[in-house]
Amino acid sequence: MNGVFLLLALGLCLLALAFVLIPLLREPPGTGPDRREMVLIVHRDRMAELDQDLAAGSLSKERHARALADLERELLDSGVLEIGPNTGLAHRGQRRLAQVAALASMALLPFLAVGTYLSVGYSDEVFAARAPAGQTLPAQPQAEPSDEEMTREFTRLVEGLQVRLAQDPADLESWVLLGRTLTYLDEFEAAGRAFGEALRHGGDRDPEVLVRYADVLAELEGGLAGEPAALIEQALAIDPDHPQGLWLAGTLAYQQEAVDEARNYWGRLLAILPAESPEAEVIRGNLAELTLR
């Protein structure tokens, strides 16, 4: 019986290797600017969806931060930020290394699997975690990451982005991601420098980048007047219905006691917010306060 089991296990191992190694040995389609642009567009759309969920109140700030960390890590791991004109030679070398590793895995892994089974098999402990027939083991609750764990994760993201930007200082997406991550870590001076670099590399045409930079500068300067106000105006000129731009513009007008302007900006914002969201409730309260002035 054990011999039959080993033969079946070996056959299944070889079948699993075939599914993994055949695509690995096959020459993959080229990775170029089209794929990079597609991945970046998808990444921006997913970030926009997270921001909309946060604004709508369907996503807490903690879950928004964790989801943002996952998205940024996925973008870093995808490799699209590293694609450049000199990628081809390195890619061919990596392909040869992958093929050697694939062949070595095909030759050694089945024997290693059999050896591992022989060394730890024939023991009831191997099957001790099985539930009785007709029953299932209770699901183990997944612990929420602590603030310290989140800080360590974002710090690793910052380090990875800094390495990539050292190789390609003109990478707009990396500058934006670095600014967002540093903002989460409350490192506003470094975040301001990152967003400033983003503006110099094309971010001045993106209202989201302009508004985030204005928000960081307001933290540093203690108010929205001055350069933050100019950035907000520039963002709304590109997208007149940008939610955060309208929020900040209304706040600036309120601080300057320009009641009609504040009512205009916040009224436009209320029209595009989900009616039952916490943000809409805050704006309705702000507008009600304006009527008393």
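This one's a predicted model, so the numbers in the text were calculated from it and none came from an experiment.
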### Message
Would the distance check show the side chain of Gln244 and the main-chain N or O of Glu208 forming a donor-acceptor pair, the cut-off being under 3.5 Å?
### Response
no
#### Entry: Minimum-distance pair of heavy atoms, taken over all atoms of Ala280 and Ala275
CB-O, 3.7 Å
## Note on the structure
Distance col, row Trp175:CH2 vs Leu165:CG, nearest 0.5 angstrom, shows 4.5 Å
### Message
Using the ring-ring contact (aromatic ring centres under 6.0 Å, His included) criterion, which residues pair with Tyr184? Sequence neighbours excluded.
### Response
Phe154
### Message
side-chain contact (heavy atoms from CB on, under 4.5 Å), that's the test. Do Leu231 and Val211 meet it? Break it down for me.
### Response
CA-CA 7 Å; Leu231 292 168; Val211 168; over 6 Å; no
### Message
Once rounded to the nearest 0.5 Å, what's the spacing between atom CG of Leu182 and atom CD of Gln162?
### Response
7.0 Å
### Message
Distance check, rounded to the nearest 0.5 Å: Ile232 atom CD1 versus Tyr213 atom OH?
### Response
13.0 Å
### Query
If you measure from CG on Leu217 to CG on Leu224, what distance do you get to the nearest 0.5 Å?
10.0 Å
### Query
Side-chain donor-acceptor pair under 3.5 Å between Tyr254 and Glu261, yes or no?
no
### Task
Give a yes or no on whether a salt bridge exists between Asp215 and Arg212, defined as a side-chain N under 4.0 angstrom from a carboxylate O.
no
### Query
Do Val163 and Leu185 sit in the same hydrophobic cluster, where Ile, Leu, Val, Met, Phe, Trp and Tyr count as joined when their side-chain heavy atoms come under 4.5 Å apart?
no
### Message
Does any part of the side chain of Ser174, heavy atoms only, come nearer than 4.5 Å to the side chain of Asp168, both counted from C-beta?
### Response
no
#### Entry: side-chain contact (heavy atoms from CB on, under 4.5 Å) between Leu270 and Arg284, intermediate numbers included
CA-CA 7 Å; Leu270 184 62; Arg284 281 192 287 267; 3.8 Å; yes
## Note on the structure
Taking every heavy atom of Gly250 against every heavy atom of Ala262, the minimum-distance pair comes out as O-CB, 3.6 Å
### Query
Closest approach of Asp204 and Ile238, non-hydrogen atoms and distance?
O-CD1, 3.7 Å
### Summary
What one should report as the nearest heavy-atom pair of Val216 and Phe188 is CG1-O, 3.4 Å
### Query
Checking Thr291 side chain against Ala288 main chain: does a donor-acceptor pair fall under 3.5 Å?
yes
### Summary
Contacts satisfying side chain to side chain donor-acceptor pair (under 3.5 Å) that involve residues 216-227 (not counting sequence neighbours) are none
### Query
Sub-3.5 Å donor-acceptor pair from the side chain of Arg268 to the main-chain atoms of Pro240, do we have one?
yes
### Closest non-hydrogen atom pair, Leu236 against Ala249
CD1-CB, 3.8 Å
### Summary
One should read off an interatomic distance between Asn264 CG and Leu246 CG, to the nearest 0.5 angstrom, of 8.5 Å
### Query
What's the spacing between His201 NE2 and Asp171 CG if we round to 0.5 Å?
9.5 Å
### Query
So with a 6.0 Å cut-off around CD of Gln255, is the heavy-atom count from everything else above 12?
yes
### Task
Can you see which heavy atom on Val176 is nearest to which on Phe195, and at what distance?
O-CE2, 4.1 Å
### Task
Taking atom CZ of Arg205 as the centre, report whether more than 12 heavy atoms of other residues, nucleotides or ligands fall under 6.0 Å from it.
no
